[in-house]
Structure formats: C-alpha cells, structure tokens
Amino acid sequence: MSQEDDDDRMPADLEAVLEAADEAEEEAGRHRYDGPPLPPALILVVVGLLCGFATIALVWLSERSCERFRDTTNCGALGLPLLVVIVVVTMVLGGLALSRLAMPHPRLVPFLGVAFMVALVIAFLTGHLDSPWILAVVPALTAITFLLANLVARLLERADA
C-alpha cells in the first residue's frame, strides 16, 4: 500500500464516531412529533383560543384561591402580581405551542397577542368580566389578536430586510 491509499481512507475511529452520531440523530428523531402541515392561520387561531381559555382558567383559579384564603374574590394587594403571573404564563404556554409547531416568531407572536388581548379587555370589557359570555369573547379575542400579532411580526421582519 502506498501513502496515497492511506490518505484516501478514513481512520477506523473516525468512522465509529460518525456512526455513533448517525445513531444519535435517529434516536432523537424517534421522540420528535412531526404532524401534518397545517395552515399557519389555523395554528395561530387554535393556539390563540387555547391561550384565551388558559387565561380564563388561571383567572378563575386565582379568584377561587383568594376566596378560599381571604373569604373574598378580591385578592387585594396580590391582584396585580397574580395578573402579571397569569399573563406571563399564558405568553410562555403560547410560545411553547408555537415553537413546537415550528411557527415563525414563536416568542414575539404570543407576547404581542396576549398583550393586545389584555389591553383590549382592560379598555373595553372591564365592566363585563362577570358575564357568562366573556367565556367565549376572551378566547375569540385572543385568537384574533394572535393573527394581528403575526401580521405585526411579519411587517417588522419585512422592515428589517
């Protein structure tokens, strides 16, 4: 064998390393969920609805907790920190869902969508939060604000280009 034949072949240990890397990629691919491709607008609407329902559920749980420990649904000084925690949790859940579904801007869209929803609820629906129809309005409003947030994110991306 000549020197050139030795240079053309890979060392045996390098081949073993490459085979181990291929096996690790296959193992990681087995635990990954690849769903069917869905329209981005549908994904945004569904995640927006889920975030709206999550917001309502977390607010309801916080009211029940305050009622249990303080004998009133008014949380007093804990009300604002609880609202901030609820908003942050909703944003994180929306971001996790969008990133899991491989959507662009998975952190910006939930941030803007939930922030727009909270701003609209505080501006226009504060007096009606005890009504039963709010259970349908907040998730629908959140779905719409997620679509609006996606539009804003795409416009910001286009402005940077």
Side-chain angles (χ1 to χ4, degrees), residues 21-22 24-161:
D22 288 340
E25 282 181 21
E26 288 176 10
E27 182 67 28
R30 288 183 205 146
H31 298 294
R32 192 173 138 207
Y33 174 73
D34 290 330
L38 297 172
L42 178 64
I43 292 172
L44 289 168
V45 167
V46 169
V47 172
L49 285 171
L50 292 175
C51 285
F53 283 122
T55 302
I56 289 174
L58 291 170
V59 167
W60 183 81
L61 285 172
S62 68
E63 285 179 352
R64 297 296 82 74
S65 299
C66 289
E67 185 177 345
R68 181 172 175 100
F69 293 113
R70 295 181 50 135
D71 293 328
T72 180
T73 57
N74 183 355
C75 293
L78 291 176
L80 183 61
L82 275 173
L83 182 61
V84 170
V85 167
I86 289 168
V87 167
V88 169
V89 166
T90 305
M91 288 176 183
V92 168
L93 290 175
L96 288 173
L98 290 179
S99 66
R100 187 79 175 145
L101 293 169
M103 288 293 293
H105 314 292
R107 291 180 190 92
L108 180 63
V109 170
F111 175 78
L112 292 175
V114 172
F116 291 162
M117 180 271 298
V118 169
L120 290 172
V121 166
I122 289 173
F124 300 111
L125 301 175
T126 303
H128 306 287
L129 293 177
D130 293 336
S131 300
W133 56 267
I134 205 77
L135 296 173
V137 170
V138 169
L141 183 63
T142 308
I144 293 168
T145 58
F146 266 59
L147 289 171
L148 179 65
N150 186 48
L151 177 67
V152 170
R154 285 195 334 227
L155 290 173
L156 287 173
E157 182 180 49
R158 211 176 285 155
D160 284 344

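Along the sequence shown, residues carry numbers from 1. The shown structure was predicted, so the numbers you read here are calculated from the model rather than taken from an experiment.
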Kindly write out the residues that satisfy salt bridge (Lys or Arg N to Asp or Glu O under 4.0 Å) with R70, not counting sequence neighbours, or none if the list is empty.
->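 By the salt bridge (Lys or Arg N to Asp or Glu O under 4.0 Å) rule, R70 matches no residue at all.
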
Apply salt bridge (Lys or Arg N to Asp or Glu O under 4.0 Å) to E67 and list each qualifying residue two or more places apart in sequence or on a separate chain.
->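 Checked E67 against salt bridge (Lys or Arg N to Asp or Glu O under 4.0 Å); matches are R64.
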
Taking all heavy atoms of [X] and all of [Y], pick out the closest pair and write down the distance.
{"X": "T126", "Y": "A123", "value": "OG1-N, 4.5 Å"}
{"X": "I86", "Y": "S62", "value": "CD1-OG, 3.9 Å"}
{"X": "P110", "Y": "G95", "value": "CG-N, 3.4 Å"}
{"X": "C51", "Y": "G94", "value": "SG-CA, 3.5 Å"}
{"X": "T142", "Y": "G48", "value": "CG2-O, 3.2 Å"}
{"X": "L96", "Y": "S99", "value": "O-OG, 3.1 Å"}

For [X], what residues pass the side chain to side chain contact (heavy atoms under 4.5 Å, CB included) criterion, not counting sequence neighbours?
{"X": "I56", "result": "L135, V138, P139"}
{"X": "V118", "result": "V87, V114, I122"}
{"X": "L156", "result": "L108, V152"}
{"X": "L147", "result": "A41, L44, V45"}

Could you tell me the separation between the [atom1] atom of [X] and the [atom2] atom of [Y], rounded to the nearest 0.5 Å?
{"X": "L83", "Y": "L58", "atom1": "CG", "atom2": "CG", "value": "10.5 Å"}
{"X": "M103", "Y": "L38", "atom1": "CE", "atom2": "CG", "value": "10.0 Å"}
{"X": "M117", "Y": "L125", "atom1": "CE", "atom2": "CG", "value": "10.5 Å"}
{"X": "N150", "Y": "E157", "atom1": "CG", "atom2": "CD", "value": "9.5 Å"}
{"X": "T90", "Y": "L50", "atom1": "OG1", "atom2": "CG", "value": "11.0 Å"}
{"X": "W60", "Y": "F53", "atom1": "CH2", "atom2": "CZ", "value": "15.0 Å"}

Derivation of the side-chain contact (heavy atoms from CB on, under 4.5 Å) call for V121 and L129 = CA-CA 9 Å; V121 166; L129 293 177; 3.8 Å; yes

Note, [X] side chain near [Y] side chain (heavy atom, < 4.5 Å):
{"X": "C66", "Y": "L82", "answer": "yes"}
{"X": "L98", "Y": "I43", "answer": "yes"}
{"X": "L120", "Y": "L141", "answer": "yes"}

